Amino acid sequence: MAKEYNFREIEQKWHRLWTERQTYKVGEDESREKFYVLNMFPYPSGAGLHVGHPLGYIASDIYARFKRQQGFNVLNPMGYDAYGLPAEQYAIQTGQHPEKTTFANIDRYRQQLDKIGFSFDWDREVRTCTPDYYQWTQWAFQKMYNSYFDEELQKAQPIEKLIERFKAEGTWPADEKAQNDLLMNHRIAFLGETMVNWCPKLGTVLANDEVVEGVSVRGGYPVEQKKMRQWCLRVSAYSQRLLDGLDTIDWSESIKETQKNWIGRSEGAEIEIPYTLSLTGETEGAFTIFTTRADTMFGVTFFVLAPESELVDKVTTPEQRAAVDEYLKYVKSRTERERMIDHTVTGVFSGAYGINPITGDKCPIYIAEYVLAGYGTGAIMAVPAHDSRDYAFAKHFNLPIVPLVEGADVSEESYDAKEGTVINSPISEDKSVKYDGESLCLNGLSIKEAIAETKRFVKAHNLGRVKVNYRLRDAIFSRQRYWGEPFPVYYKNGIPTMIPEECLPIELPQVEKFLPTETGEPPLGNAQIWAWDEVNRKIVDKKLIDEKTVFPIELYTMPGFAGSSAYFLRYMDPKNDKALVGDEVASYWQNVDLYVGGSEHATGHLIYSRFWNKFLFDLGVSKKDEPFQKLVNQGMIQGRSNFVYRIKDTNTFVSLGLKDQYDVTPIHVDVNIVKNDVLDLEAFKAWSPEYATAEFILEDGKYVCGWAIEKMSKSMYNVVNPDMIVENYGADTLRLYEMFLGPVEQSKPWDTNGIDGCFRFLKKLWALYWNKEDNLTLTDEEPSAESLKTLHKLIKKVTADIEVFSFNTSISAFMVAVNELGQQKCTSRTVLQALPILISPFAPHIAEELWEAIGGEGSVCDAKWPKHEEKYLVETSVKLGVQFNGKVRFDMLFPADATPEQMIELATSAPEAARHLEGMQIVKTIAIPKRIVNIVVKPN
RNA sequence: GCCCAGAUGGUGGAAUUGGUAGACACGAGGGACUUAAAAUCCCUUGGCCAGUGAUGGCCGUACGGGUUCGAUUCCCGUUCCGGGCACCA
């Protein structure tokens, strides 16, 4: 009986030793090249970890360990995104302080994580809800407040520079209030009166990415549009840089695409449209429209304004006033959700006419909800022939449709494609207005040429300008919640004022109740000690507010993404109390080389943190424009639910294969009492009192359960807990199996059934090292050529696979190699001392144990990653398939150094070839070294 | 509607980017050891056909075409599933 692989003992031992020896502690080390591996830090929920959570951590840990063994100084930190709604909702229900539950959850997470054997440097742990961390969130906010985005430099600049410029231009107002209003339009963090997503049920506003299909992502409560004064971040200023940066980073195409869609760059033109209040009247004024199809100016048959547009009031004629008001009332009554789902055509004529500057035509101006106030100028020119929305509107209101593309049939639908030759532009010469003797003519041009020509014309004659629009909106940065970073802001005569930087952090005050106050203030309104004493520079009791030296402090808190936007910088220097990150430290670690996390953050965290980092880069704090060089999106682990089938109105359960003979109801059964789809009957009876007296109809003496792939959740009883797996198989098996399941990026169901294969592999690996007497098998004998080949094949394959994150195939290669070495009865030190190093990224505990047993020096984590040598892989002869007309006919051996010509020669003269060549003529011969010799023949 | 990614045995998935499809693992079947169980080890396992047999033949990577000596891989079309954006002018 060979020495047993006692994973429990081994894993406990190494967890202890790693802690004692501080194996995973990292510091800056100029002598080695840095490598920064990062996981998206978790929000510690009350449910604890399920097997899906560690997937990304395991993958990145493998990579981190591998890089370390390759000689890099690897930073691999972990922390917690600790502010958030669930803890607060729980606090409202139970009265427990969110900090208490959050910290309890963190402890639980830590316990679970520790069992899996990650190489995290826990000394660098950050929690977004601790003052020493959020001090720097507040600090960054103040920096944003005191900065503006310089369009020309395309970077953030101190607000003082802007003030100087205003002064130089003579546009700097004398009045303090006016100064403040002016600067607010430029600050990167600003207080704005904007339409926000208001969620009454949650009692807070939400960012665009927190709302999907008109309901909140958290909770699924309805969200309405409301105009409110909120803190905002001018993310939109960085649109172009956020877009350009995508080309410099190594992210998946799909996530880049998602971000490109979200940023939504569109190039077009803004054109000035004068308007009159009647067909015969004088010009009253002008408005601006935005279009990406400047080429369709000749097809404009009406104009449309968004109902929320400020122009609506100006263009509405007295005769139309009543109709317009009624329409606006209707629009207001519609929720965002209704507007999004229901696209029925609605609108109203304003009474006014817009004058097409190209044709001179007067076209009616409508007001319709299909035009959005928030995009472009909130006004459009409508070209029904070539825009489907305009088309539907024109059909509904019986407006003319003028086709502008050759061959386009617009009798049934619009022709939206940007291809074809332009016609009817103009229809006749007198239909085109002359400017400085020049009139626009697009006939015969392609659409692309026509767009360019119109832009040129419009620009040349000052009718408008070329303009790039972005769909990306500024982020609403305040929440009416308790459990978040407080704003370091107080209000002096209604003007927001920053609390001095030296006084940060402004700590979250204690409150009795976590709900909004009776007067409708946010939860911070419940805080008693929450006023700023400007003279003594400290937080004092609210009662002392006198609006002279003591002022009220902001009651809003920051949103969830505030704390997660720069945490990767803080990991570099987590204990620094002078700066977010020290300059030298930041210069060493630069940015994250490998970031691992879910793709669901594509339009949230991954945009905000890129924005936040770009801002800090402009300040010189961050050293790279892009925070995350390479991004790997791990897939979701779905649940695999099991079912039992209860015969209706009985307590009898029938096995899967026999269920069709009865009238049954499928019932979810806990997957932890099912093994290989066979139900543990006793465990089932014990599972719930309801089933204590259950009876079973078995097949082949077993109860076979049905199964389905569903989301992993408690209610489906399909949650598999990593602790259970670690208990039964060990952390190394868990790690291997999570990776063996399939590619990291792919979503896949968890199925514990296959785990035995990985467990067996580790036992086989273990058995290579021990003989029957429990002694090491290790000898100093020269390894056989076979064993060397096995080893070097393995090194080559594993090294290449880890580099491209193909962990399932590297593990397969290990399985093959261990089987081969077992068969070869390999006991050579040369071979056996390399294996623990190679396996250590995947299964660090067993690797350490074996490394120690064979007398390896130090920790296997620091052992140098072996390099494969090609000479051991070279064959003396090569077995190739020889094929005729594409079909393989026989295999034969060639000298390894044979040239293609020689191989063809040998293949055609081989005895096996004779019967294929009989009566045939060789048309063509192809030799692919190490693969195949191909001979194309035809009858003589 | 627009954009992106994908479809391979009973199952999870390989295939050196155009070169013997199905590695590796699970499951299933058969066998060895064992009083028995567990553990371990060995054999078979895409489908169909022929043969006592080592074996041989045909079909096969969602479907239909194409390029090529050769296609899971490249091109065109179709179907289905997943993801993103969406009255964004």
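Proteins come first, then strands; the chains are lettered A, B, ... in the order of their sequence lines, and each starts at number 1. All figures in this text were calculated on a predicted structure; none of them were measured in a lab.
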Distance in angstrom units between [X] [atom1] and [N] [atom2], rounded:
X	N	atom1	atom2	result
A:W262	B:G83	CH2	P	17 Å
A:W766	B:U40	CH2	C1'	18 Å
A:N6	B:A39	CG	C1'	15 Å
A:I255	B:C85	CD1	P	11 Å
A:E267	B:A89	CD	P	12 Å
A:Y375	B:A86	OH	P	12 Å
A:K395	B:C87	NZ	C1'	19 Å
A:D751	B:A25	CG	P	17 Å

Test ring-ring contact (aromatic ring centres under 6.0 Å, His included) applied to A:F842 - qualifying residues, sequence neighbours left out | A:F814
Base, sugar-phosphate or nothing for [X]? Non-hydrogen atoms, less than 4.0 Å.
X	result
A:N633	nothing
A:R473	base
A:V304	nothing
A:E257	sugar-phosphate
A:T925	nothing

Taking only heavy atoms on the protein side, list every residue of residues 755-765 of chain A lying under 4.0 Å from any atom of RNA chain B, sorted numerically.
-> A:G757, A:R760, A:K763, A:K764
Which value, rounded to the nearest 0.5 Å, describes the distance between A:I380 atom CD1 and A:R293 atom CZ?
-> 13.0 Å
From A:T733 OG1 over to A:Y5 OH, what is the distance, rounded to the nearest 0.5 angstrom?
-> 4.5 Å
Counterpart residues, salt bridge (Lys or Arg N to Asp or Glu O under 4.0 Å), relative to A:E870 (two or more places apart) | A:K796
Determine whether [X] and [Y] make a side-chain contact, defined as any pair of heavy atoms from C-beta on separated by less than 4.5 Å.
X	Y	answer
A:V51	A:M712	yes
A:N808	A:L741	no
A:L404	A:Y415	no

[N] OP1/OP2 closer than 4.0 Å to side-chain N/O of [X]:
X	N	value
A:T258	B:G83	no
A:Y370	B:A89	no
A:N753	B:G10	no

Find which nucleotide of RNA chain B each of A:S254 and A:K924 is nearest to by heavy atoms, and output the residue with the more 5' nucleotide.
-> A:S254
How does RNA chain B read in dot-bracket, base by base from 5' to 3', with Watson-Crick or G-U pairs under 3.5 Å and | used when the partner is on another strand?
-> ((((.((..(((......[....)))((((((.......))))))(((((....)))))..(((((..]....))))))).))))....
Can A:R610 be said to sit on top of A:W262's aromatic six-ring, NZ or CZ under 6.0 Å from centre and within 45° of the ring axis?
-> no
Does B:G13 adopt a syn or an anti glycosidic conformation, taking syn as a chi angle within 90° of 0?
-> anti
Just the atom pairs and distances: protein N or O near nucleotides 12-22 of chain B's N or O, under 3.5 Å.
from  : atom 1 : to     : atom 2 : distance (Å)
B:G12 : O2'    : A:L741 : O      : 2.6
B:G13 : OP1    : A:Q746 : NE2    : 2.5
B:G13 : O3'    : A:N808 : ND2    : 3.3
B:A14 : OP1    : A:N808 : ND2    : 3.3
B:U16 : O2     : A:R931 : NH2    : 3.3
B:U16 : N3     : A:R931 : NE     : 3.3
B:U16 : N3     : A:R931 : NH2    : 3.1
B:U16 : O4     : A:R931 : NE     : 3.1
B:G19 : N2     : A:Q883 : NE2    : 2.8
B:G19 : N2     : A:N934 : ND2    : 2.6

Do the rings of A:Y729 and A:F759 sit parallel, tilted or perpendicular, given the 30° and 60° boundaries?
-> perpendicular
Taking every heavy atom of A:I273 against every heavy atom of A:P357, the minimum-distance pair comes out as CD1-CD, 3.7 Å
Side chains of residues 369-376 of chain A: which donor-acceptor partners sit under 3.5 Å, not counting sequence neighbours?
from   : atom 1 : to     : atom 2 : distance (Å)
A:E369 : OE1    : A:R334 : NE     : 3.4
A:E369 : OE2    : A:R334 : NH2    : 3.3
A:E369 : OE2    : A:T346 : OG1    : 3.0
A:Y370 : OH     : A:D390 : OD1    : 2.6
A:Y375 : OH     : A:S266 : OG     : 2.7

Are there more than 12 heavy atoms of other residues, nucleotides or ligands under 6.0 Å from atom NZ of A:K748?
-> yes
Verify the neighbour count for atom CD of A:E413: are there more than 12 heavy atoms of other residues, nucleotides or ligands below 6.0 Å?
-> no
